[in-house]
Protein chains: 2
Amino acid sequence: MAQVATAKGRATRARIVEGAAEVLREQGVAFTTLDDIRSRTGTSKSQLFHYFPNGKDELLLAVAQFEADRVLEDQQPHLGRLDSWESWQRWRDAVVERYERQGEHCPLGSLFLQVGRSRPGARAIVTELMRQWQQQLAQGMLALQAKDLVSPELDVDRTAAALLAGIQGGVTMMMSTGDSTHLKAALDTGLDYLRARATGSGDV
Amino acid sequence: MAQVATAKGRATRARIVEGAAEVLREQGVAFTTLDDIRSRTGTSKSQLFHYFPNGKDELLLAVAQFEADRVLEDQQPHLGRLDSWESWQRWRDAVVERYERQGEHCPLGSLFLQVGRSRPGARAIVTELMRQWQQQLAQGMLALQAKDLVSPELDVDRTAAALLAGIQGGVTMMMSTGDSTHLKAALDTGLDYLRARATGSGDV
DNA sequence: CGAAAAATGGACCGGCAAGTCCAGAAAGCT
DNA sequence: AGCTTTCTGGACTTGCCGGTCCATTTTTCG
């Protein structure tokens, strides 16, 4: 599928994906037609189907992958170096900033719901994103343990899972309420949880 | 809108809402047509528009309200009596059980995304649900404080917000991954957070 | 240069699903 | 009973939007 041979072709394909991502963020999947994407990207119907022979679903899937890649990228380099209290704090700030900038649109959430159940592809993209995300959080906690900053008794996997859930929920709530209170609360409470298990701190 | 005068009419309207809720859970909003709802509920097109003159959007909104009401109901009586460690634990079990039973379908999440942006009504329903939910959690924490089970220094509002975010995220992740690990992790970590602030426990 | 392959434009088609309409049955009211 | 209101059935219309098709242009490459 989508055999792209020339540089021009590759550029067009990328333009379509990026433009589609924009439109989808603005209008949501439910209200976006191929014509919207076509006009935004300055392409024709035949181009859309040339690069995505399986039609809308395939295009949406490509956009989902595109967005998923950005999610982790936008948290770098902090997410990759969670080995001190300061770096965790910087990462926290980066996450808040990224989602406050993104505003009320969760491109992946809606894309998942649209393509979701039927196509296993969408599910795979989201699952894989979450797996990597959580894995990096866990790795950061292990780094704290290795540096003897956090008790070795901390259940890293469970804590990482809870933190990730808090972020997801915080972002979800931003979509409905429009403000980032819950996201911040989840992040800060999660960091508190870690700090309370700092070596030399309280028990439990 | 929807002036229902007779008992028969009221019954039909209720049948439509409940049947629609079923179909929507099974198929998702994106793949549900009025005809699906019509056939499931044994009604005719004109009945649908008789009870919901503004068409599909109005019906979806009614379903959203219906589902929202159930969310808190299903957590009772536990959610209303969070005044001991045991009751918090029972509530936690009730939440896990409810969502495990519900499986991979988040009726509100998808409804919100569909009707979402355009109609302010959907947003209001979700916002109000979240407000009440969080308020009840906060009240439970205050109860613990009043009984001198938890430090009075606990930031109740922030903690309740974080816990709610964790639940939302946990449920979201259940939709993609199909298992309740994250929901449990969020709940258990949240309860840990409270217990770590039990009177006579560690510092912070 | 010239043939083949890739890229593009845009008219057109067809189906589906939301919404309309009206006739007729049932229920309420006095 | 008889009149009004509510409720119901289902045929019909309508517009939108995903997808098809083919002609034309541009690029690649020997």
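When reading the values below, keep in mind they use all heavy atoms of this one structure, side chains included, and skip hydrogens, waters and symmetry mates. We name chains A, B, ... by the order of the sequence lines, and we start the count at 1 in each one. Values in this document were obtained by computation on a predicted structure and should not be read as measured data.
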Value in whole Å for how far the [atom2] atom of [N] lies from [atom1] of [X]:
X: His50(B); N: dG24(C); atom1: NE2; atom2: C1'; answer: 15 Å
X: Asp35(A); N: dG15(D); atom1: CG; atom2: C1'; answer: 14 Å
X: Arg13(A); N: dA6(C); atom1: CZ; atom2: P; answer: 15 Å
X: Arg10(A); N: dA6(C); atom1: CZ; atom2: P; answer: 13 Å
X: Asp36(B); N: dA18(C); atom1: CG; atom2: C1'; answer: 13 Å
X: Arg38(B); N: dG19(C); atom1: CZ; atom2: P; answer: 15 Å

Taking Arg25(B) first and then Glu22(B), would you say they form a salt bridge - that is, a charged N and a carboxylate O separated by under 4.0 Å?
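Answer for the salt bridge query: no.
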
Assess Arg197(B) against Tyr193(B): is NZ or CZ under 6.0 Å from the centre of the six-membered ring, and within 45 degrees of the ring's axis?
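So Arg197(B) does make the cation-pi contact.
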
How far apart are the closest heavy atoms of Trp88(B) and Gly140(B), and which atoms are they?
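The answer is CZ2-C, 3.6 Å.
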
Would one find a side-chain N or O of [X] under 4.0 angstrom from OP1 or OP2 of [N]?
X: Thr12(A); N: dT8(C); result: yes
X: Tyr51(A); N: dT8(C); result: yes
X: Gln47(A); N: dA7(C); result: no

Is it the case that the side chain of Gln47(B) and the backbone of Ser44(B) share a donor-acceptor pair, with hydrogens and angles ignored and the cut-off at 3.5 Å?
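Answer holds: yes.
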
Protein heavy-atom contacts under 4.0 Å, written 5' to 3' over nucleotides 19-30 of chain D as B (base), S (sugar-phosphate only) or - (none), form the string BBB----S----

Give a yes or no on whether Arg15(B) atom CZ has more than 12 heavy-atom contacts from other residues, nucleotides or ligands under 6.0 Å away.
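It does: Arg15(B) CZ has more than 12 such atoms within range.
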
Nearest 0.5 Å please: distance from the NE2 atom of His182(B) over to the CD atom of Gln134(A).
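So the gap between those two atoms works out to 3.5 Å.
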
